[in-house]
Amino acid sequence: MQNAKRLLAAAAAMSLAFTAVGCSGSSDDTSSVYVDQVEVQDTDAIDAIPEGAETELEWLSYFDLNPTSGSEETSAELDLFQKKGGSILYTKTTSLTKFDTLAARVLSNDVPDMFWFEQKMVFPNYCIKEMFQPVDEIVDFDSDLWADVKDTADQYTLKGEHYVAPVKYVANSVLTYDKDVIEANGLEDPYELYINGEWDWDVWYDMMEDYVNNAQGEEVRYGVNGWFAPFIFQSTGETLIMYDEEVDEYVSNIDSPNFERATDLLYEIQKNGLYYADWIGQASDCFKKNILFYAMGPWAACDTHTPSDGTNWGMVPIPKDPNNEEQVTSVEVNAYMWVKGSTKNEAMKCWLECAKIVSTDEEYKEVDKEKFFTTNPNWTEEMYQIAYEELSSDNWTQIVDPGYGISITLSNDDAATNDTKEAIVSYMYSSVMKTDENGSQYTWTQLRETYRNTIDSELKTFNEEYKKFVDGE
């Protein structure tokens with residue numbers, strides 16, 4: 001059941017790929033920039049596909065980039081690509097069989113050209129298995145178009161070559177709250193605290209504790225529901241698995257003292273009754289259960305989940321680590337992988353540039369923002385800024401955990417056999433908020449020692465394959 005819930009959340013986040021801001025949580029998202037809403041610029045910043053070059057890219061995926069019965073309009077990036085001479089051929093697979101289908105195509109030397117980037121398993125695992133190729137030949141990360149994502153792209157390198165060219169960032173999770181509830185309980189507005197640089201773990205915890213302790217009579221209150229645990233870990237500036245440049249290996253980081261602090265916070269949130277653990281699919285339902293904060297991607301608070309008339313919601317990022325001067329987070333990276341063996345350099349280069357410029361050009365962004373507020377009239381500028389602009393701004397440092405792409409055991413939730421259907425890396429990020437069969441809450445020390453040998457073994461196997469890849473074997 002938990003796996004199905006995560007798949008629903010992932011599918012909703014996936015729909016953001018089609019949008020400049022995204023929201024609907026369905027494959028027929030209607031919040032994209034479409035060509036009937038903005039005049040697509042035939043910009044000189046993007047070269048047309050040269051005469052004589054191949055112009056059609058085969059897209060292997062479980063969703064179509066072309067207009068469909070669910071969304072009959074042409075997206076701005078596709079229209080621009082077509083103006084530059086390109087076209088997309090859609091070859092359908094499923095979300096569960098996509099990697100098997102791709103592997104079979106690569107082994108048979110009948111390769112598609114493009115594949116959707118998903119952190120889990122794509123990098124570094126399937127890159128060292130040579131299912132994808134570097135993009136440096138077609139992407140200049142020092143150019144004006146790509147320089148803003150270079151720091152993130154640098155975290156997706158093997159042998160000094162970039163495998164992922166981010167075209168857009170999407171918030172994995174934000175904290176949505178009801179400002180009227182905050183005011184009624186005499187609490188400070190989290191947004192004002194964030195703007196003043198005071199929004200950290202300690203302030204957040206104290207606010208939730210005050211709210212829960214203010215319950216009257218038989219009323220039951222909670223501090224938070226949703227998806228936030230991994231981002232507490234990562235706000236320290238570290239991840240469970242890290243790349244060690246000195247030894248050129250991927251290494252376990254589970255003994256980091258920073259994680260002792262992160263898990264202490266998460267443990268206390270669960271232990272002291274601040275956490276509501278059951279799945280809730282939208283912010284309004286969360287607030288009806290007297291939960292102060294709803295931690296989820298923006299998709300769960302807009303479009304079909306948008307606030308009703310008379311509501312007064314706010315949003316803030318997951319709070320920062322008080323011991324870390326930087327604001328650090330991980331975001332959903334939207335990118336298109338270049339399949340190993342594809343030789344359509346010019347068309348692939350053109351498509352990536354079209355997708356990137358549509359997600360960053362101010363004209364496209366403004367049109368998408370206007371459309372968003374048409375369907376979400378009770379959102380505020382503050383909410384929009386936090387949900388769709390802030391986490392990709394220079395105020396935040398993006399961090400990548402390669403542990404989501406090491407092996408089936410560590411990284412592939414679809415193959416997990418535990419009760420929560422989570423691979424080990426995903427599981428450990430939220431493990432101290434779980435209980436055993438007797439209802440006893442796990443400690444970080446207990447979980448770390450339970451999985452230490454498995455993590456070390458999986459990394460040893462992966463690093464052996466990685467070294468063969470580096471050596472060209």
Side-chain angles (χ1 to χ4, degrees), residues 13-23 29 31-35 37-49 57 65 73-84 86 88 114 116-117 135-136 138-156 162-172 174 297-299 317 329-338 347-373 381 384-398 400:
M14 197 12 267
S15 73
L16 302 176
F18 304 110
T19 71
V21 294
C23 193
D29 191 352
S31 60
S32 298
V33 174
Y34 291 112
V35 296
Q37 299 167 310
V38 59
E39 180 158 355
V40 178
Q41 306 168 29
D42 193 1
T43 172
D44 292 335
I46 298 176
D47 294 329
I49 300 173
L57 293 174
L65 298 174
E73 298 170 288
T74 300
S75 66
E77 57 265 42
L78 179 59
D79 188 78
L80 182 56
F81 183 57
Q82 291 171 342
K83 282 180 165 57
K84 296 298 182 179
I88 302 291
M114 285 199 304
W116 184 240
F117 171 74
V135 297
D136 299 272
I138 58 176
V139 174
D140 178 5
F141 286 104
D142 293 319
S143 67
D144 291 342
L145 182 61
W146 294 101
D148 63 323
V149 297
K150 185 178 186 302
D151 287 345
T152 304
D154 285 347
Q155 298 180 67
Y156 293 107
H162 297 88
Y163 279 77
V164 179
V167 297
K168 183 179 136 186
Y169 300 138
V170 177
N172 272 317
V174 292
W299 62 268
T329 190
S330 62
V331 291
E332 185 79 15
V333 173
N334 284 184
Y336 300 90
M337 300 300 292
W338 193 15
M348 189 69 189
K349 177 178 184 293
C350 184
W351 169 256
L352 292 179
E353 291 176 352
C354 290
K356 182 66 165 65
I357 204 165
V358 164
S359 70
T360 55
D361 180 85
E362 290 303 321
E363 181 180 0
Y364 292 118
K365 288 167 64 177
E366 187 57 33
V367 169
D368 215 8
K369 183 176 180 179
E370 290 176 6
K371 184 181 181 185
F372 179 89
F373 276 104
E381 288 284 344
Y384 187 91
Q385 184 259 337
I386 292 295
Y388 299 116
E389 298 173 347
E390 182 64 10
L391 294 181
S392 58
S393 74
D394 293 338
N395 295 328
W396 287 81
T397 297
Q398 312 301 335
V400 172

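- Residues satisfying the side-chain contact (heavy atoms from CB on, under 4.5 Å) criterion with Ala147, sequence neighbours excluded, are absent altogether.
- For Ser330, the side chain to side chain donor-acceptor pair (under 3.5 Å) partners two or more places apart in sequence, or in a different chain, are Gln234.
- Judged as a salt bridge (charged side-chain N to carboxylate O under 4.0 Å, His left out), and not counting sequence neighbours, Asp151 has no contacts.
- For the side chain to side chain donor-acceptor pair (under 3.5 Å) test, no residue two or more places apart in sequence or in another chain qualifies with Trp146.
- Under the rule for a ring-ring contact (aromatic ring centres under 6.0 Å, His included), Tyr169 has no partner lying at least two apart in sequence or in another chain.
- Without hydrogens or angle criteria, Gln398 side chain to Thr152 main chain gives no donor-acceptor distance under 3.5 Å.
- Residues meeting the side-chain contact (heavy atoms from CB on, under 4.5 Å) test with Glu362, sequence neighbours left out: Lys365.
- Residues that satisfy the side chain to side chain donor-acceptor pair (under 3.5 Å) test with Glu390, not counting sequence neighbours, are Tyr194, Gln385, Asn395.
- The backbone N or O of Asp79 lies less than 3.5 Å from no partner atom in the side chain of Thr74, so there is not a single donor-acceptor pair.
- Listed by chain and number, the residues in a side chain to side chain donor-acceptor pair (under 3.5 Å) with Tyr163 amount to none (sequence neighbours excluded).
- Evaluation of the salt bridge (charged side-chain N to carboxylate O under 4.0 Å, His left out) rule for Asp47 yields no partner, not counting sequence neighbours.
- The side-chain contact (heavy atoms from CB on, under 4.5 Å) check on Asp142 picks up Asp140, Lys150, with sequence neighbours excluded.
- Between His162 and Phe141, the angle of the ring planes lies from 30° to 60°, which puts this pair in the tilted group.
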